[in-house]
Amino acid sequence: MKRQRWFTPYLLVLPAVVWVLVFALWPFLNTVVLAFTDARPLRPVEFIGLENFGRLFQDERFGYALTTSLVYVVVCVPLLTFLPLLLAMLVHGKIPGIGFFRTTYYFPVIASAVVVAIVWEFLFSGSGTINAALKFFGLADRPIEFLSDRWLLIFCAIGLTVWKGLGYYMVVYLAALGNVGRELHEAAAMDGAGAWRRFWSVTVPGVRGPMMLVSVLICVGAMRVFTELYVLSHGSGGPGGRAMSLVMMIQSMGKGLNGQIGYASAISLVLFLLTLVPLAVVGILNNRDAIAEMRATRRAAKITRLARMTQGAAR
Amino acid sequence: MKHRTSAVIGLAAAATLILSGCTGGGATAPESNTGGEISGEITFQTWSLKNEKFTPYFESLVKDFEKAHPDAKVNWIDQPGDGYEDKILQQAESGELPDVINLPPEYAYSLASAGQLLDLGSASKAIDDYVPGGVQAYEYDGVDGSFAFPWYLGTELNYWNSSLLAKGGVTEPPATFDETLDAAQKLADTGVPMFSSVPSPKMLQIVGAVKDIYKDGKFVFNTPEAAKVIDRYAELYKAGAVTPEALQGAGTSNSNINNFNTGGVAWTTAGPNYIDKDVAVNAPNLLPDVAVTAGFGNPPLFVQGISVAKNSKNAATALAFAEFATNTKNQIAFVKLAAGFFPGTIEANADPAAFSEKPENELQGVANDLAGKQMADARMTGAPQYTEAMETYAKQQIALAVTGEISGKEALDKSVEYAQQNVIG
């Protein structure tokens with residue numbers, strides 16, 4: 001057997017490194033640089049410092065887009081963190097035919113986001129199924145503006161995101177629930193804990209890690225919402241563009257022969273920084289847990305040491 | 001530590017310099033020699049025309065050209081309708097713009113102002129053969145030259161649902177836009193909507209509320225007449241004459257035709273071939289109720305042209321093929337297939353009988369006649385400086401005005417301000 005050369009490991013990781021450099025780092029750095037320019041297609045580029053960022057504060061559409069994205073995060077994170085957990089608990093048991101329900105709940109995940117959004121458009125548009133039903137039962141004289149009122153449109157899109165994401169996160173929780181010992185639930189029940197108490201005191205701590213992961217994924221995903229709002233508003237962002245998300249704004253500013261690439265890059269950079277926030281929060285929380293665990297270990301060691309010393313002194 | 005800092009700054013500066021080249025960078029293409037021999041290979045790009053109907057035409061066109069010029073070879077490529085603008089941008093950025101390319105006036109303006117298109121006015125003697133309105137569509141303030149041969153032209157007519165109009169007591173299709181607004185109020189009183197789109201500056205130009213979109217270096221579409229129309233729409237929206245879909249699609253797609261086909265609204269605008277190609281196919285039950293009238297005040301002129309890339313390696317061949325594809329004979333053969341459109345040369349338009357398709361429905365014949373008469377008055381809407389992003393922004397603001405949150409004047413003033421801030425220098 002030949003001896004391995006020193007560079008063999010580097011050769012093995014080279015494809016991955018090249019991939020990351022070309023398709024992740026390079027476009028990212030390019031965006032960072034462009035954010036400080038007035039770049040437009042087919043025209044000379046000039047560095048304009050922080051001008052694009054200054055413009056952001058004067059652009060009311062940026063305010064609307066930021067609000068939409070933040071509302072999306074604030075509403076989606078709790079809903080998509082807890083609802084899939086409840087769903088996972090429902091389908092966790094081993095009862096006949098449970099596979100059918102698990103599969104059914106997972107269906108929206110595998111459907112294309114665009115297709116699902118089109119289906120929701122059929123449901124909620126002015127001449128859609130829901131408005132037709134409301135009219136039929138005499139509950140509304142004229143169509144409810146689900147998709148042309150700013151907040152109704154945003155909440156319809158949130159509903160779509162939650163519905164589509166439930167199955168995916170349910171599967172994550174299903175895996176995690178397998179690790180929560182049945183004996184803990186039984187012990188808690190014997191101590192007189194009801195279902196709600198067992199949920200908070202046994203299940204939630206048992207899936208705390210996956211829950212953290214799920215909430216970060218949802219947070220980042222919600223911040224970057226695009227398809228749902230784009231399809232439901234036909235790309236317009238609703239009247240005044242007030243239901244536009246940050247990614248929709250980036251797309252509308254940066255596309256085409258007259259796209260404002262520099263400005264769109266500046267918005268991208270702001271979005272990137274905003275998505276770092278949940279990651280930082282999780283980092284801090286994890287760090288805090290690690291520190292607490294370290295302190296507890298030290299405290300235990302100290303107690304043991306003191307106990308030994310006391311025993312020694314007694315002898 | 002100092003070394004490390006310097007290295008980081010150096011790397012950042014180098015990256016900045018290298019990366020700034022990634023935007024395309026505005027290099028003007030060198031002037032090509034159009035007087036050389038007609039030989040070599042060229043690429044000809046069309047926009048969403050490769051299908052059962054048009055493919056045989058283009059294959060035959062290419063074959064005929066190659067037969068006349070044995071040393072030349074034409075590679076015909078077709079791009080899908082969606083994302084055509086992005087495709088062109090990508091081609092232009094990478095210096096691979098096809099030698100001969102189908103462009104609408106707005107795209108041609110962007111490329112011409114970046115020095116990517118050949119001035120056909122000085123390179124070709126054939127430019128005078130084309131209809132003046134079509135040629136003017138490719139001549140731009142601040143950029144010298146003519147940047148496409150007009151290829152095919154179109155306009156829009158008004159289509160009405162007589163049955164829905166009758167419900168509101170309107171027995172004849174409105175002849176003017178003001179009459180349409182009045183009729184919309186009557187229809188709304190009986191629960192029938194007239195519109196499923198909001199007005200845009202281009203639409204306001206068609207109905208005569210805006211004269212020019214851009215004049216003497218300024219956007220000027222915020223006229224009192226236009227504001228009045230928008231405010232009227234807001235009243236009509238409250239009354240139920242405008243569907244919620246109009247606001248949903250504000251700024252982008254226009255679902256007017258779909259809503260008209262399903263009997264949801266009483267009015268739409270569409271091309272002259274709408275009866276045979278759309279209503280008869282997609283909504284045959286609606287056909288007996290449809291009435292057609294000429295477009296309002298300033299009917300729009302739609303133009304598609306054939307341009308030549310300035311950096312073509314075989315510019316003489318590219319120019320010869322562009323002239324060949326748009327000559328009278330080939331244009332007539334093309335619009336015979338593209339029913340409802342008009343050819344781009346003066347000679348071809350002299351005898352409409354030579355290219356008019358025999359209508360399948362009586363109403364299509366009426367539409368053809370109306371469109372033929374209307375072409376003389378039709379004119380381009382918008383302005384080359386008025387980009388799609390500006391139109392989208394304006395429609396978003398106008399939609400907001402239609403909901404009553406802001407006034408028509410505020411919507412137009414904001415749109416003009418936005419357009420002025422984003423005009424391409």
Side-chain angles (χ1 to χ4, degrees), chain A residues 25-27 29-34 36-47 55 58-61 121 124-128 131 141-150 153 230 232-244 252-253 255-263 265, chain B residues 12 15-16 18-27 85-86 88-89 92-93 106-107 109-111 113-116 191 193 196 198 240 243-253 255 259 262 264 387-390 392-393 395-403 405-406 411 414 422 424-425:
Chain A
L25 198 62
W26 175 264
L29 288 175
N30 199 16
T31 305
V32 173
V33 173
L34 290 173
F36 298 93
T37 69
D38 66 347
R40 277 173 178 269
L42 308 171
R43 282 167 178 78
V45 180
E46 267 183 44
F47 282 87
R55 190 179 154 193
Q58 292 162 357
D59 189 341
E60 64 170 18
R61 285 181 312 159
E121 200 203 329
F124 287 100
S125 72
S127 52
N131 270 316
D141 289 340
R142 52 179 301 184
I144 295 175
E145 298 160 7
F146 289 113
L147 304 181
S148 48
D149 173 85
R150 182 190 182 192
L153 171 57
Y230 187 86
L232 290 180
S233 70
H234 287 189
S236 71
R242 290 181 174 182
M244 207 176 239
S252 78
M253 297 306 303
K255 73 172 181 180
L257 284 158
N258 301 306
Q260 299 178 41
I261 298 167
Y263 188 48
S265 299
Chain B
T16 303
I18 296 165
L19 293 168
S20 61
C22 294
T23 55
E85 186 181 3
D86 292 327
I88 289 167
L89 171 61
E93 290 269 20
E106 300 83 14
Y107 297 178
Y109 171 66
S110 299
L111 293 175
S113 58
Q116 298 264 343
S196 64
V198 294
T243 64
E245 281 93 346
L247 303 176
Q248 183 193 354
T252 50
S253 59
S255 54
N259 283 318
T262 55
T387 64
E388 208 180 312
M390 294 172 190
T392 299
Y393 183 86
K395 282 176 91 172
Q396 286 173 343
Q397 295 307 315
I398 290 168
L400 202 59
V402 170
T403 65
E405 283 200 50
I406 57 173
K414 277 176 86 174
N422 292 286
I424 304 160

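Just the heavy atoms: all of them, side chains too, but no hydrogens, waters or symmetry mates, feed the values below. Order of the sequence lines fixes the chain letters, A, B, ..., with proteins taken first and strands second; residue numbering starts at 1 for each chain. Bear in mind the structure is a predicted one, so any value in this text is a computation, not a measurement.
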Problem - Proximal component of B:E106, with respect to chain A [non-hydrogen, under 4.5 Å] - result: neither
Distance, nearest 0.5 Å, that separates [atom1] of [X] from [atom2] of [Y]:
{"X": "A:R142", "Y": "B:T243", "atom1": "CZ", "atom2": "OG1", "value": "10.0 Å"}
{"X": "A:I261", "Y": "B:L89", "atom1": "CD1", "atom2": "CG", "value": "6.5 Å"}
{"X": "A:R150", "Y": "B:L400", "atom1": "CZ", "atom2": "CG", "value": "10.0 Å"}
{"X": "B:S113", "Y": "A:N258", "atom1": "OG", "atom2": "CG", "value": "7.5 Å"}
{"X": "A:R61", "Y": "B:Q396", "atom1": "CZ", "atom2": "CD", "value": "6.5 Å"}

Practice task
Side chain from CB out, backbone as N, CA, C, O: work out which of these in A:E60 comes under 4.5 Å of a heavy atom of chain B, or both, or neither.
Solution key: side chain
Handout entry: Heavy-atom proximity to chain B below 4.5 Å, by part of A:I144
Key = neither
Do you know the tightest heavy-atom contact between [X] and [Y]?
{"X": "B:N422", "Y": "A:R40", "answer": "O-NH2, 3.5 Å"}
{"X": "A:G126", "Y": "B:P244", "answer": "CA-CG, 4.1 Å"}
{"X": "A:L257", "Y": "B:E85", "answer": "N-OE2, 2.9 Å"}
{"X": "B:E245", "Y": "A:S127", "answer": "OE2-OG, 2.8 Å"}
{"X": "A:G256", "Y": "B:D86", "answer": "N-OD1, 3.3 Å"}

Handout entry: Which of A:R242, A:E121, A:M253 touches chain B most, by non-hydrogen pairs under 4.5 Å
Key = A:R242
Problem - B:Q248 vs A:S125 side-chain heavy atoms within contact, under 4.5 Å - result: yes
